[in-house]
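Working notes for the structure below.
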Amino acid sequence: MSELIQDIGILGNNNGENTSCETYRTSKDVDTGKSRKLYIESYGCQMNFSDSEIVSSIMEKEGFDTTSTFENADVVLLNTCSIRDKAEQTVRKRLKQFNSVKKNKPEMLIGVLGCMAERLKEKLLEEEKIVDLVAGPDAYRDLPALVSKVDEGQKAVNTVLSREETYADISPVRLNSNGVTAFISIMRGCDNMCSFCVVPFTRGRERSRDPKSIVEEARQLFESGYKEVTLLGQNVDSYKFALDLDQNQKKVIEKSDAKDIVTFANLLEMVAKVSPDLRVRFSTSHPKDITEDVLHVMAAHENICKYIHLPAQSGNSRVLDIMNRTYTREEYIEKVDSIRKILGEECGISSDMIAGFCTETEEEHKETLTLMEYVQYDFSYMFFYSERPGTLAAKKFEDDIPLETKKRRLNEIIDLQRDLSLKRNQLDVGKTFKVLVEGTSKRSDEQLQGRNSANKVVVFDKRNFKKGDYVNVKVTECTPGTLIGEPVS
Ligand code: SAH
Ligand code: SF4
Ligand code: F3S
């Protein structure tokens, strides 16, 4: 298997965009006659893609149009990911490519944003001489000042993390959108301390955004033609906002006056009520936090998609314990059983899995496979363990599983997932699904592509349908990654 595939959720049918670090997205060409051009390239998760839209909005106000070609840009920003070593290496290679262009265009400003900026801080300036500016995920409002500082001939760094920043008042410029589906960040940071994970260090403390601004953003998107929103957070089920109280008071009030607290279940319902024609998705659900309330709200609203990304990471309770996931295999299975009971067999369930975490035995690895068999995941994002400096696992455990073994275990997980994905898709043959059309199929201009409620990609003949339509499609055949069907009236 090629290196490329290992870090990409190959069976993830939303283009692996959730956690892939090899693929990236760039800004679009927008020419409104502004004096300077900005190019942004984004790696990592949807949170990063969503942040790049906030950055574009901030820079637009400072007199920047966006471009899709970095050679044409005055300012080049890389919004980076640190989740695995490979993600960081990809960015370093990219900086080398920029170097050759900058030689002929020395005035071009190169900035690094996002998780790698936060993790490495000033060190990045020493290690990568080409970099002029370093800004962490909570410092984007400061970008205009940082750019000015570089214009004056200095290097600029801001990696201060915040307990309050949610960028709630900034209207994102939709860079990553097909005009039909959009992401809305509902919270930032993460307070879990999964021992393998760098995110709490790069994104800071968890904080939730004001629900009024979230609902308003969803309403505006719907009014401008969007048909689907995905509510984003590292752990959406711990969303919590105390109405009319500031975030600092929140902790005190939470205990004494629960009725003022907006939970994720409440928020989901508020967004679902914007319009029955606006689909609502969310990601990511943490197995310890997802509640039956959320499942009941999902069941009560047709427009909340019946799909849950519920990363297990491992199927063995000892490994889960040292990963600090705070649930056991049995508790995870109970959550899956509740999902099946309340939302039925058709609800899509996907996972993230890590192969070869420190001290994982062969038997423990096999329990990951048996958990996958039990749940019958529709797809998974699958990785082998990559030690991250500064994490609890790096401090406490030896990264003792040989790379060959990690890769072999990962391949077993990937092979099994491919079989499960095919099996789950075969169950859909003969059924009819409501599909939201997102655009032309990658296979042929004569076909359209969209997703059903369970997040499966469905391809069908174009006829007179267009992007943004809801079409009922009867599935006639499938592959592990796609359902193929015919529109029915
Ligand atoms: N908040 C999400 C995960 C975000 S990171 C959650 O808790 O589920 C996305 C995925 O990257 C994780 O679910 C995990 O499977 C993977 N990942 C994180 N750190 C990793 C590491 N050090 N090595 C390999 N995979 C890792
Ligand atoms: Fe990382 Fe765990 Fe937080 Fe997910 S919940 S971002 S895996 S620390
Ligand atoms: Fe990567 Fe940061 Fe997202 S480490 S996965 S870009 S939160």
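Both ligands and their constituent atoms are indexed starting at 1 by order of listing. All values reported here derive from a predicted model rather than from experimental measurement.
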Any idea which atoms of ligand 3 are less than 4.0 Å away from a heavy-atom of [X]?
X      : value
Asn48  : 6 (S)
Cys45  : 3 (Fe), 5 (S), 6 (S), 7 (S)
Cys115 : 2 (Fe), 4 (S), 6 (S), 7 (S)
Cys81  : 1 (Fe), 4 (S), 5 (S), 6 (S)

Run the contact test for [X] against ligand 1 with a 4.0 Å cut-off on heavy atoms, strictly below, and give the result.
X      : value
Asn235 : no
Lys406 : no
Tyr381 : no
Val199 : no

Original post:
How about Phe70 and Phe98: are their ring centres within less than 6.0 Å of each other?
Top reply: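 Close enough - the centres of the two rings lie under 6.0 Å apart.
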
Say whether [X] and [Y], considering side chains only, have a donor N or O and an acceptor N or O under 3.5 Å apart.
X      : Y      : value
Ser213 : Asp210 : no
Arg94  : Gln97  : yes
Glu41  : Tyr43  : yes
Asn235 : Asp289 : yes
Arg329 : Thr370 : yes
Lys288 : Asn192 : yes

Original post:
atom 7 (O) of ligand 1: which of Lys288, Met382, Arg325 has the nearest heavy atom?
Top reply: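 Selected option, by shortest heavy-atom distance: Arg325.
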
Original post:
If hydrogens are left out, which of Arg388, Arg188, Gln234, Gln46 has an atom nearest to atom 7 (S) of ligand 3, that is, the closest non-hydrogen atom?
Top reply: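 The option holding the nearest heavy atom is Gln234.
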
Considering distance alone, does some N or O of [X] sit under 3.5 Å from an N or O of ligand 1?
X      : value
Ser386 : yes
Gln234 : yes
Met353 : no

Enumerated ligand 1 atoms positioned under 4.0 Å from heavy atoms of [X]:
X      : value
Phe383 : 11 (O), 15 (O), 16 (C), 25 (N)
Ile83  : 5 (S), 11 (O), 17 (N), 18 (C), 19 (N), 20 (C), 21 (C), 22 (N)
Pro311 : 8 (O)
Arg84  : 11 (O), 16 (C), 17 (N), 23 (N), 24 (C), 25 (N), 26 (C)
Arg388 : 22 (N)

Output yes when [X] and [Y] qualify as a salt bridge under the 4.0 Å nitrogen-oxygen rule, no when they do not.
X      : Y      : result
Glu165 : Arg207 : no
Arg408 : Glu362 : yes
Arg418 : Asp415 : yes
Glu53  : Arg174 : yes
Lys406 : Glu360 : no
Lys240 : Glu206 : no
Glu334 : Lys341 : no

Original post:
Should Arg188 and Arg209 count as side-chain neighbours, where that means a heavy-atom distance under 4.5 Å?
Top reply: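 They are not in contact (no side-chain heavy atoms under 4.5 Å apart), so the answer is no.
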
**OP:** Of the side chain and backbone of Met47, name the one, both, or neither that has a heavy atom under 4.0 Å from an atom of ligand 1.
**Re:**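 Looking at Met47 and ligand 1, no heavy atom falls under 4.0 Å.
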
**OP:** Indicate, as side chain, backbone, both or neither, the part of Gln313 found under 4.0 angstrom from ligand 1 when only non-hydrogen atoms are considered.
**Re:**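 Side chain only; the backbone of Gln313 stays clear of ligand 1.
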
Original post:
Given that the side chain starts at C-beta and the backbone is N, CA, C, O, which of these parts of Arg203 lies under 4.0 Å from ligand 3, counting heavy atoms, or is it both or neither?
Top reply: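 The part of Arg203 near ligand 3 is the side chain, not the backbone.
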
Original post:
Is the number of heavy atoms from other residues, nucleotides or ligands within 6.0 Å of NZ (Lys121) greater than 12?
Top reply: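 Yes, the 6.0 Å shell around NZ holds more than 12 heavy atoms from other groups.
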
Enumerate, atom names and distances included, each donor-acceptor pair closer than 3.5 Å involving a side-chain atom of residues 342-350, sequence neighbours excluded.
unit_1, atom_1, unit_2, atom_2, d
Glu346, OE2, Lys431, NZ, 3.4
Ser350, OG, Tyr307, OH, 2.7
Ser350, OG, His309, ND1, 2.7

Original post:
Mind checking whether Ser82 has a heavy atom under 4.0 Å from ligand 3?
Top reply: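 Within the 4.0 Å threshold, so yes.
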
**OP:** Taking only heavy atoms of the protein into account, state which residues are under 4.0 angstrom from an atom of ligand 2, in chain and number order.
**Re:**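 Contacts of ligand 2 under 4.0 Å: Cys190, Asn192, Cys194, Phe196, Cys197, Val199, Pro200, Gln234, His286, Arg325.
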
